[in-house]
Trainee: 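Sharing a structure with you now.
Predicted model, so just to flag it, every value in this text is computed and none were measured.
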Amino acid sequence: MNTIKKIVIYGDSISTAEYGNGGYEAYLREGFGAEVMNYSVCASGLSLGTPDNTLSILERDECLHGDADVVILWHGTNEWYWGSEI
């Protein structure tokens, strides 16, 4: 019995559904049969010093899901790219 019903993803381009035939979002949706909420933004960073950053997304109530069974936060090197400290 699958107990994972909702997965929430925050991240940069590696976490969007725009790459690899839906990226790992498609794999999670199909593998778990779960609802997937994806707030990832290409070229974004985690910290405030980057455009479309995850911290700003997390400050918006509509982007928070207390009922999520799994939360994935996955970023690459965009802080370095934008010249911002984490």
Trainee: Between S56 and N53, is there a side-chain donor-acceptor contact under 3.5 Å, judged purely by atom types and distance?
Mentor: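 Yes, S56 and N53 have a side-chain donor paired with an acceptor closer than 3.5 Å.
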Trainee: What's the separation between atom SG in C42 and atom CG in N78, rounded to the nearest 0.5 Å?
Mentor: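 C42 atom SG to N78 atom CG measures 9.0 Å (nearest 0.5 Å).
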Trainee: Nearest 0.5 Å, what's the NZ-CG distance between K5 and D67?
Mentor: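 Rounded to the nearest 0.5 Å, the NZ-CG separation comes out at 11.5 Å.
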Trainee: Just wondering, do Y39 and H65 contact through their side chains at under 4.5 Å, heavy atoms?
Mentor: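 In contact.
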Trainee: Nearest 0.5 Å, please: how far is CG in D12 from OG1 in T77?
Mentor: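 The distance works out to 8.0 Å.
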Trainee: Can you find a side-chain donor-acceptor pair between E79 and S84 that sits under 3.5 Å?
Mentor: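 Absent: no donor and acceptor within the cut-off.
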Trainee: Using the rule that Ile, Leu, Val, Met, Phe, Trp and Tyr join whenever any side-chain heavy atoms are under 4.5 Å apart, tell me whether L73 and Y27 fall into a single cluster.
Mentor: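 Different clusters: L73 never reaches Y27 through Ile, Leu, Val, Met, Phe, Trp or Tyr contacts under 4.5 Å.
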Trainee: Treating Ile, Leu, Val, Met, Phe, Trp and Tyr as nodes and any side-chain heavy-atom pair under 4.5 angstrom as an edge, say whether V71 and V36 lie in one connected cluster.
Mentor: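 No, because V71 and V36 fall into different hydrophobic clusters, even though each may have its own neighbours under 4.5 Å.
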Trainee: Is there a path of hydrophobic side-chain contacts, each under 4.5 Å between heavy atoms of I/L/V/M/F/W/Y residues, joining I14 to Y24?
Mentor: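 Yes, same cluster.
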Trainee: Assigning hydrophobic clusters by single linkage (Ile, Leu, Val, Met, Phe, Trp, Tyr; side-chain heavy-atom cutoff under 4.5 Å), is L48 placed with V41?
Mentor: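 No, separate clusters.
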Trainee: Is a side-chain donor or acceptor of T54 paired with a backbone partner of L46 at a separation under 3.5 angstrom?
Mentor: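 No; judged by distance alone, with no hydrogens or angles, the pair does not exist.
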Trainee: Report the distance from atom CD1 of I7 to atom CZ of F32, rounding to the nearest 0.5 Å.
Mentor: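 Nearest 0.5 Å value for the CD1-CZ distance: 5.5 Å.
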Trainee: Not counting sequence neighbours, which residues clear salt bridge (Lys or Arg N to Asp or Glu O under 4.0 Å) with E25? List them please.
Mentor: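 R29.
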Trainee: When you measure from the side chain of W82 to the backbone N and O of A43, does any donor-acceptor pair fall under 3.5 Å?
Mentor: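 Answer holds: yes.
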Trainee: Indicate yes or no: at least one non-hydrogen side-chain atom of L28 is less than 4.5 angstrom from one of I72.
Mentor: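 A side-chain contact exists here, since the closest heavy-atom pair is under 4.5 Å.
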Trainee: Verify the cluster assignment for L58 and W74: are they in a single hydrophobic cluster under the rule of side-chain heavy atoms below 4.5 Å apart?
Mentor: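 No, no single cluster joins them.
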Trainee: What distance separates Y10 OH from S15 OG, expressed to the nearest 0.5 Å?
Mentor: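 Going from the OH atom of Y10 to the OG atom of S15 covers 12.0 Å.
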Trainee: Do the non-hydrogen side-chain atoms of S44 and H75 ever get within less than 4.5 Å of each other?
Mentor: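 In short, these two side chains touch, coming nearer than 4.5 Å.
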Trainee: Would you say that more than 12 heavy atoms from the other residues, nucleotides or ligands in this model lie under 6.0 Å from the CD of E62, or not?
Mentor: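 Enclosed: over 12 neighbouring heavy atoms sit under 6.0 Å from CD of E62.
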Trainee: Which pair of non-hydrogen atoms, one from T16 and one from N38, has the smallest distance, and what is that distance?
Mentor: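 For T16 versus N38, the nearest heavy atoms are CA-ND2, 4.0 Å.
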